[in-house]
Protein chains: 2
Amino acid sequence: MAIAKLDRRTEIRQTARKMFKERGYAATSMRDLAREVGIEAASLYNHLSSKEELLHEMCFDMAEQFFQAFSAAIASEKTPSKKLRAAIKAHIHVIAANLDGSTVFFHEWIFLQEPELARFKKLRSQYEQGFRDIVQKGITDKDFKEVNVKLAVFTILSALNATYDLYKSNEKLSEEEIAESVSGLLLKGLKK
Amino acid sequence: MAIAKLDRRTEIRQTARKMFKERGYAATSMRDLAREVGIEAASLYNHLSSKEELLHEMCFDMAEQFFQAFSAAIASEKTPSKKLRAAIKAHIHVIAANLDGSTVFFHEWIFLQEPELARFKKLRSQYEQGFRDIVQKGITDKDFKEVNVKLAVFTILSALNATYDLYKSNEKLSEEEIAESVSGLLLKGLKK
DNA sequence: ACCTTTACCTAACGAACGTTAGTAAACAAA
DNA sequence: TTTGTTTACTAACGTTCGTTAGGTAAAGGT
């Protein structure tokens with residue numbers, strides 16, 4: 001028996017991720033979720049304490065994954081150019097490994113309540129700062145063009161954060177291809 | 001009196017755009033909307049026929065704007081390189097001129113019902129095809145690198161579609177700066 | 001054997017949802 | 001001045017929401 005049956009707790013969270021991704025947090029009811037899992041809505045509360053807890057877990061779990069992957073990726077590289085490439089690759093990898101979770105992370109965090117909402121925003125801004133530091137160093141080293149750092153990092157992350165959409169495409173694109181193409185375009189541009 | 005008072009119909013739609021953008025379509029109730037406008041929920045129905053009609057109008061109105069701006073922009077340019085730059089600029093301009101509407105267009109269209117949903121998806125895919133045609137021509141002309149066209153256009157549009165987030169930033173970024181920076185990065189890359 | 005825990009159920013809570021019906025006031029057209 | 005249209009109101013409809021209470025039956029440990 002290769003595939004062990006997931007326990008309910010895990011199954012509920014997995015299903016919730018998928019449904020929050022597909023219909024959005026606000027448009028997914030606890031009764032919808034329960035039906036998908038195959039139990040009654042009230043029974044969900046044996047495995048969680050509130051709907052918002054589900055969202056909260058998803059968002060902060062993904063934040064942690066992005067942070068860890070980023071740190072590990074840049075640690076082993078020396079130049080800003082290589083660091084950036086590695087960070088991009090790591091970011092894309094986290095998305096690819098968590099297609100549902102990352103979509104929720106990108107789109108549904110607005111439904112977090114204070115004070116978690118503020119904490120979440122802070123984490124995101126710290127993560128972006130990591131990218132800005134690399135780009136700034138690249139400019140100082142005269143490796144990168146003298147671009148507006150904030151704007152450049154914003155553009156890069158916007159491009160990366162949309163990549164979850166690519167995996168449902170009809171052509172089978174591998175994570176490798178996507179990472180190569182996107183980082184190539186951002187670093188070297190479209191023009192010859 | 002410089003500012004004419006908007007009629008209710010327009011005021012409701014403007015407020016709805018702002019609220020759909022900020023809280024999302026599903027999480028904005030008709031009572032919320034009515035309160036913001038300063039009337040009772042039931043009174044809204046003198047000016048609209050359903051909540052979904054509001055969303056529908058917003059999405060298809062924006063689609064039309066993107067299409068028209070695109071056509072006008074590429075018509076006056078000759079080379080793929082210039083066409084692409086012009087299309088990017090036009091796209092960013094439409095977003096800048098419709099900050100609320102474009103956000104709804106990008107994020108809330110999932111709540112459209114069939115058959116409008118299918119029609120909407122088709123329009124989007126046609127629009128993307130316009131960009132792909134330009135990039136393909138650029139490659140044929142040996143003006144662009146031999147990239148994966150779909151992937152490249154996807155990356156470009158992802159970067160563009162996030163630009164609405166930039167206007168609420170603390171630094172005052174002009175539409176001009178944003179268009180220059182983003183198109184520069186995408187066409188010529190970050191590396192020197 | 002008993003006891004505790006786990007995992008589900010039915011029933012129901014109060015609140016909020018989108019929307020309709022019916023009505024009165026305001027205003028323009030005749 | 002009468003008539004019709006527009007725009008707002010209150011009241012209510014049936015439905016769905018997240019969640020709680022209380023019960024039951026099986027599982028597992030001692």
Side-chain angles (χ1 to χ4, degrees), chain A residues 1 4-60 104 107-117, chain B residues 1 4-60 104 107-117:
Chain A
M1 172 95 26
K5 194 184 169 252
L6 298 167
D7 60 79
R8 268 285 138 85
R9 198 189 142 88
T10 312
E11 187 191 3
I12 288 169
R13 277 152 179 79
Q14 200 169 94
T15 309
R17 268 195 298 272
K18 197 176 129 217
M19 297 183 78
F20 289 176
K21 171 203 168 139
E22 282 168 2
R23 327 182 186 187
Y25 174 77
T28 304
S29 75
M30 295 303 271
R31 284 171 178 84
D32 288 341
L33 174 56
R35 192 179 313 115
E36 199 77 7
V37 172
I39 60 177
E40 290 298 317
S43 307
L44 290 172
Y45 289 83
N46 286 303
H47 307 279
L48 50 89
S49 68
S50 72
K51 185 187 179 188
E52 209 218 334
E53 185 201 58
L54 289 173
L55 179 64
H56 178 274
E57 285 177 7
M58 291 178 205
C59 289
F60 284 90
V104 174
H107 289 92
E108 308 301 323
W109 59 267
I110 20 160
F111 297 108
L112 289 170
Q113 309 281 2
E114 299 289 4
E116 270 73 26
L117 180 58
Chain B
M1 173 105 13
K5 196 185 169 252
L6 299 166
D7 63 85
R8 267 287 138 84
R9 198 189 142 86
T10 312
E11 187 192 3
I12 288 169
R13 276 153 179 80
Q14 200 170 94
T15 309
R17 268 195 298 273
K18 196 176 128 217
M19 297 183 80
F20 289 177
K21 171 205 167 135
E22 281 168 1
R23 327 182 187 188
Y25 175 77
T28 303
S29 76
M30 295 304 272
R31 284 170 179 86
D32 288 340
L33 174 57
R35 193 179 311 116
E36 200 77 6
V37 172
I39 59 177
E40 291 298 317
S43 308
L44 290 171
Y45 288 83
N46 285 308
H47 307 278
L48 50 91
S49 69
S50 71
K51 185 188 178 186
E52 210 217 333
E53 185 200 58
L54 289 173
L55 180 65
H56 178 274
E57 285 178 8
M58 291 178 205
C59 289
F60 284 91
V104 173
H107 288 40
E108 308 300 324
W109 59 267
I110 20 161
F111 298 108
L112 289 170
Q113 309 280 3
E114 299 290 4
E116 270 74 24
L117 180 58

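Because the structure is predicted, anything quoted here is derived from the model rather than measured. We name chains A, B, ... by the order of the sequence lines, and we start the count at 1 in each one.
- Separating the OG atom in A:S29 from the CZ atom in A:R23 is a distance of 7.5 Å, to the nearest 0.5 Å.
- A distance of 5.0 Å separates CG of B:L48 from CG of B:L54, quoted to the nearest 0.5 Å.
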Set out, line by line, the N/O atom pairs under 3.5 Å between protein and nucleotides 24-26 of chain D.
none

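- Distance CE/B:M58 to CG/B:L55: 6.5 Å, rounded to 0.5 Å.
- Residues that satisfy the salt bridge (Lys or Arg N to Asp or Glu O under 4.0 Å) test with A:R35, not counting sequence neighbours, are A:D32.
- Put simply, OG on B:S43 and CE on B:M30 are 11.0 Å apart, with the number rounded to the nearest 0.5 Å.
- Nucleotides of DNA chain C lying under 4.0 Å from heavy atoms of chain B occupy a range whose first and last members, 5' to 3', are C:dC17 to C:dA21.
- Look at B:E57 and B:R17 and you find no salt bridge, because none of the NZ, NE, NH1 or NH2 atoms lies under 4.0 Å from a carboxylate O.
- Partner A:E11 forms a side-chain hydrogen bond (donor to acceptor under 3.5 Å, both in side chains) with one of A:R13, A:R8, A:Q14 and no other, that one being A:R8.
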For residues 108-117 of chain A, run the donor-acceptor check on the side chains, cut-off 3.5 Å, and write out each pair with its distance to 0.1 Å, sequence neighbours left out.
unit_1: A:E108; atom_1: OE1; unit_2: A:Y25; atom_2: N; d: 3.0
unit_1: A:W109; atom_1: NE1; unit_2: A:F106; atom_2: O; d: 3.2
unit_1: A:E114; atom_1: OE1; unit_2: A:A118; atom_2: N; d: 3.1

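- Listed in residue order, the members of residues 47-59 of chain A having a heavy atom less than 4.0 Å from DNA chain D are A:S50, A:K51.
- Distance check, rounded to the nearest 0.5 Å: CG of A:L33 to OG1 of A:T28 gives 8.0 Å.
- Between B:R31 and B:A41, the shortest heavy-atom contact is CG-CB, 3.7 Å.
- The stretch residues 29-39 of chain B comes close to DNA chain C through B:S29, B:M30, B:R31, each having a heavy atom under 4.0 Å from the strand.
- Distance CZ (B:R8) to C1' (D:dC9): 13 Å, rounded to an integer number of Å.
- You'll find the side chain of A:H47 stays beyond 4.5 Å of the side chain of A:V37, heavy atoms only.
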